Amino acid sequence: MRAIVLSGILTLWAAWVSAFEVEDRAVFGPEAAGDTIKVISTADIAYFEPMIRSFLDRAPGLRVDYTVASSSELMKAIQDERQSFDLAISSAMDLQTKLANDGLAQQHFSDVTRSLPRWATWNDMVFAFTQEPAAIVLSRAAFADLPIPRSRQDLIQLLRQNPERFRGRIGTYDVRISGLGYLFATQDTRASETFWRLTEVMGALGARLYCCSSDMIEDVERGDLAIAYNVLSSYAVTRADTDRFHIVLPQDFTTVMLRSLLIPVTAQNRDGAARFADHILSPSFGPEASPLAGVDLTALQAESTLHRIRLGPGLLVFLDQFKKRSFLAEWQSAIVQ
Amino acid sequence: MSAPARQDPVSQGSIRRRLLLVQLAGAAALAVLLYFVVLSVTRQVAQQSQDNVLAASALSILGSARVSGGEIVIDLPYSALSMLDSVTDERVFYAIWLGDEFLSGYQDLPRPQRPGEAQPAFLEAAFLGAQVRIAAVERPFSTDLGNEQLSVSVAQTLTGRDQTMARISRVALGVGAGFFALSAVLALIVAQSTIRPLNRLTGAVSRRGPRDLRPVSAPVPSEMVPLVASLNSFMKRLETSLSRSEDFIAEAAHRVRTPLAIVRTQAEIVQRRVRDEDTRNAVREMIHAVDESSRTAGQLLDHAMVVFRLDDLACEPVDLPALVRETVSQVGVLSEMRDIDLILGRMEDAVVEGDAILLQNALRNLLDNAIKYCPPLAEVTVSVRNDGNEICLQVSDTGPGFPEGGKRRLVQRFSRGDNVSGVVGSGLGLTIVEDVTVAHGGRFTIDNNDGGGACARLFFPAS
């Protein structure tokens, strides 16, 4: 627990020395330990702490220096500032792919990486270790007398039939500020045209825009929101009060984000990073897999409607400035009316 | 007189081996050539297909550019980049330029030389720590500011192409090795079949009897016709020469014999008349010399007769014991004169297919030798045995035996043992015996008995 206390001081210090914006920081492991593995991640400390602890149990004598930053700050730290980190963990698949594509990630080979399914690895540089679906979270209170929509079409119909009930009570990502929201939105447009219709309907009903899944879920819980669209279901299911909302994985298609890791070329403790990477990857796949996300996809839904976002250069397309500009313009005109 | 050393042919190289080596060398050269041709062709194909995909990607980006509200808008197709990564994981880069103005993508990406409007340009270069293949296309594009060239470069790492090429290399290596193995087998077969007529000719010639000098009549390949023609002409000359010299010897012997007989008769008369001891001794030596000459002449005649009959060997059943008895009774007088006991040993029934006169001549030569070289009171035993497989005619004596040094020398013409210098003899006798025995499909051995004395055996196949 001392580590947590220390983390506050470290955060301030780190913010002072580095130009990229650090949200949080903690160091795990004995102080006397020689090797430190520097991790930069988009996941909260609390979310990742069990993984770090189980790793340190198996690898005593190592320390893990865990820095939390947003996905764009992570990108900035590694690409622009060439900060030395041993492991970069991010939910922004597009930015992770871009780091690897631009030669900022090292290749990593091990028995664990060889056993990964093909979709979970790209160029032996980017490795996915979770599958996190984008869900629709509905307030139980708001839907007490309404049928639960199972797909986007259902949702559009419901919104059109009950505009007054939902006006101002719909939340979704502001794709202009949220990388993950942008990723989900662009992938939705690839899968189906219904995304634009839904966006227009939500825009017409005065949808509220959010930066993060957790804020949306909290507002649903409080009753401020009736519907939150494209929420990371992993954030929803891990909450204690899941009885206050429904988590719907749309049956037309469910976009699945893969949280991934890579070893930057600037890594100074490459061996430690490789060991930690293998430790994270090994329980994610195979028969005794227990994904960090805590969502058992196979139990929830048939594989066929899962739209797993593919790691690879296709993701670079939506990072293109022309593409991004025109997409954001279109989105803005749809939702901000 | 020493036997001339048998001259072995001087061998230099082997046609078969040379043929094989030449063909294998050719096959190896062709296999290597094939390897490189297959490699280069398929490499070109692999490169071509990679270039096609890159060009298609670049063209799809180029095609997505349009002007909207006076501004250039490029709606990068998702597939433009994802298609480059569909089979193998590839890192992908692109750059979009309007004239000299950089629009989007990777500004540092090397640009191939200005592509033509119809033809994409390609370039291989290092970029961001990897070797990449770059394709560039361009087209004129008009904006409010005027007409400019819009150019799009798309680059891809070489993981997939290198994998394909490694696979191609392995296949090409397999093709080359397979071709060589097949060629080696064919070369072996070809070499074998080329050499076969030669082997057949060799076999046909070496299977011949010692006196078979007929021309080779079996068909041979045209390349060997000159050789066979020379061989035939050589054998013809040899035969002519042989028969001429044998005729000559027989003629000479015959002509010498009659005068010798007259000289001997006259010498005997002179010997009886003279009383002077010295003169008598001289005349005795003269008679002895005349005997030797006359005997040689007789054997030369015999030999000529044997040679003549061997050329056209009669084939009739000969009762060997009867023949032995008859010969022994003919030679009996001679043996009595020299006080030598001529004994008929064991006589088993035996019939030999062949020429009775030749067989008798051979036996007489053996008996003559035995009687001639044995001291008085010695015993000479003749026996015939037949064990069903082989018939053995044996002449054994209690004389001095054959000299050490073996039979090979003794059966050569005009060769005589070292220990018989005091006795009349031509050295032709055992040659005749050998020739006759071999002509009857048998073999001739001479040994010394354990208890002393010589033992000559003629073996014939039982009929």
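Letters A, B, ... mirror the listed sequences (proteins, then strands); counts begin at 1. What you see below is based on every heavy atom in this structure, not just the backbone, and it leaves out hydrogens, waters and symmetry mates. The structure presented is a predicted model; accordingly, all values stated were derived computationally and were not measured.
In this structure, chain A has no heavy atom under 4.5 Å from any part of B:T157. Contacts of B:F127 with chain A are absent, with no heavy-atom separation under 4.5 Å from either backbone or side chain. For B:E71, the part lying under 4.5 angstrom from a heavy atom of chain A is the side chain only. Heavy-atom distances place no part of B:L84 under 4.5 Å from chain A, backbone and side chain included. At a 4.5 Å heavy-atom cutoff, B:I61 makes no contact with chain A through either its backbone or its side chain.
Open room surrounds CG on B:D100; 12 or fewer heavy atoms of other groups in view lie less than 6.0 Å from it. Counted within 6.0 Å of CZ on A:R270, heavy atoms from surrounding residues, nucleotides or ligands total more than 12; the atom is thus considered enclosed. Within a 6.0 Å radius of CD1 in B:I15, no more than 12 heavy atoms belonging to other residues, nucleotides or ligands are found. The neighbour count for A:Q268 CD, taken as heavy atoms of other residues, nucleotides or ligands under 6.0 Å away, does not exceed 12.
A:R118 approaches B:D89 most closely through the heavy-atom pair NH1-OD1, 3.5 Å. The minimum heavy-atom distance between A:W122 and B:E90, with the atom names listed, is CZ2-O, 2.9 Å.
Along residues 101-110 of chain A, the residues that come nearer than 4.5 angstrom to chain B, judged on non-hydrogen atoms, are A:N101, A:D102, A:G103 in order of number. Annotation: residues 309-318 of chain A contacts chain B through A:R310, A:L311, A:G312, A:P313, A:G314, A:L315, A:L316, A:V317, A:F318 [non-hydrogen atoms, separation under 4.5 Å].
Put simply, CG on B:L81 and CG on A:D320 are 8.5 Å apart, with the number rounded to the nearest 0.5 Å. B:S104 contributes atom OG, which lies 8.5 Å from atom CZ of A:R325 (distance to the nearest 0.5 angstrom). Atom-to-atom distance recorded for B:S64:OG and A:K323:NZ is 7.5 Å, nearest 0.5 angstrom.
Interface remark: of the candidates B:I72, B:I74, B:T88, B:I74 forms the most heavy-atom pairs closer than 4.5 Å to chain A. Ranked by heavy-atom pairs under 4.5 Å with chain A, the first of B:S82, B:P77, B:S68 is B:S82. Options A:N123, A:T121, A:T97 differ in how many heavy-atom pairs under 4.5 Å they form with chain B, and the most are formed by A:N123.
Side-chain contact between A:Q321 and B:L103: absent, with no pair of heavy atoms (C-beta onward) separated by less than 4.5 Å.
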